[in-house]
Protein chains: 2
Amino acid sequence: METTKKHSLVEQALLFKMMNDENRLKILLYLYEEELCVCNLIDLLNMSQPAVSQHLKKLRQASIIQIRSQGQWKFYRLNEEYTHLELLNKILAELPSMKHEVDGLNSNGRRVFCTTIPTK
Amino acid sequence: METTKKHSLVEQALLFKMMNDENRLKILLYLYEEELCVCNLIDLLNMSQPAVSQHLKKLRQASIIQIRSQGQWKFYRLNEEYTHLELLNKILAELPSMKHEVDGLNSNGRRVFCTTIPTK
DNA sequence: TAATTATATAACTGATTTATTATATAACCG
DNA sequence: CGGTTATATAATAAATCAGTTATATAATTA
């Protein structure tokens, strides 16, 4: 029976569906570097908050990313339990690195307000 | 300047766009096994001739596959000169093999009329 | 508690995509 | 040449998708 194989292909096709959109692909590349706050993804992608939010929702529903709350912020990261994480990692490793862009958040202070533990 | 990097991501994103459709993904998996005639792709995918033809056109326009004419038949194969062939191969190698399906064309005679050099 | 900030969701719109139907092209065969 | 086969293309219609605007939720702070 080929049920398993076919099911696997359908699942993997969903991954490609998620990578189909260039902005979602960028999100994955950013998160491949490190966990990031929504506000920083908005900044990096230079797009509207609801647009980013909806892309994140799709990636979440596909179990590709995970969310973590910290105060009023939401941090997203790649889901270490994603069924096809190995495939995803192999692909992302082949694509242009976003390290410089992500590091840029620190060097020009754009990230501070968001990753700092709430002053209290 | 990051023109090169960004351009590369756009190009690679086009590959994911092509793999976005499950039927096109299957076409790539079939051709990863071997060069195939359009009629056999129609058979393998179990979809209409124009639908297959249009998927092939998209893949061709993206330079991912190549065409070869033999008599009234058209044979398609992965383009060995595709810019991101290495990436493509790495990805296809991770997906379920279609060897059995493609081999099935031979074992039940579905392929003969098409791959045989025209009787003459 | 009211105002503010961060994020999510809903409704909608325009663009894109896929498959169908119909037609065209081109090779082959009698 | 006329009919047939294999494939491509064009026009269209239905479905999907991404982004906008507006609104909701939830934490934070004054």
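Proteins get letters first, then strands, A, B, ... in listed order; numbering begins at 1 in each.
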> Rounded to whole angstrom units, what separation is found between the NZ atom of B:Lys74 and the P atom of D:dT5?
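After rounding, the reported distance stands at 18 Å.
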> Whole-Å distance between C:dA27 C1' and B:Arg68 CZ?
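B:Arg68 atom CZ is separated from C:dA27 atom C1' by 15 Å.
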> Take the protein atom CH2 of B:Trp73 and the nucleotide atom P of D:dT4, then report the distance between them rounded to whole Å.
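Whole-Å distance recorded here is 18 Å.
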> Sugar-phosphate atoms are those with a prime plus P, OP1 and OP2; base atoms are the rest. Using that split, label each nucleotide of nucleotides 17-23 of chain D B, S or - for protein heavy atoms under 4.0 Å, 5' to 3'.
SSBBBB-
> Under the side chain to side chain donor-acceptor pair (under 3.5 Å) test against B:His55, which residue among B:Arg60, B:Arg24, B:Lys26 passes?
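Passing option: B:Arg24.
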> Separation of A:Met18 atom CE from D:dT16 atom P, in whole Å?
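Interatomic distance, CE of A:Met18 to P of D:dT16: 14 Å.
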> Do you know which two heavy atoms are closest between B:Leu28 and B:Leu92, and how far apart they sit?
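What the structure gives for the nearest pair is O-CD1, 3.8 Å.
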> Is B:Asn79 reaching over with its side chain to a backbone N or O of B:Ser63, donor-acceptor style, under 3.5 angstrom?
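It does hold such a pair.
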> For B:Arg60 and D:dA8, give me the distance from atom CZ to atom P, rounded to whole Å.
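Between P of D:dA8 and CZ of B:Arg60: 6 Å.
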> Between C:dA8 and A:Tyr76, is there an OP1 or OP2 to side-chain N/O distance shorter than 4.0 Å?
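Yes, within the criterion.
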> Under the side-chain contact (heavy atoms from CB on, under 4.5 Å) criterion, do A:Leu56 and A:Val52 qualify, and how do the steps go?
CA-CA 6 Å; A:Leu56 290 170; A:Val52 173; 3.8 Å; yes
> Looking only at non-hydrogen atoms, find the nearest pair between A:Tyr76 and A:Leu31 and report the distance.
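Scanning both residues completely, I find the closest heavy atoms to be O-CD2, 3.4 Å.
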> With no hydrogens and no angle check, do the side chains of A:Arg68 and A:Gln66 hold a donor and an acceptor under 3.5 Å apart?
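On atom types as modelled, these side chains do not qualify, holding no pair under 3.5 Å.
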> In whole Å, what is the span from the CD atom of A:Gln72 to the C1' atom of C:dA3?
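About 13 Å, once rounded to whole Å.
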> Give the rounded distance in Å between these two atoms: CZ of B:Phe16 and C1' of C:dT17.
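In whole Å, C:dT17 C1' lies 20 Å from B:Phe16 CZ.
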> Report the distance from atom CD1 of B:Ile67 to atom P of C:dA26, rounded to the nearest whole Å.
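In whole Å, C:dA26 P and B:Ile67 CD1 are 13 Å from each other.
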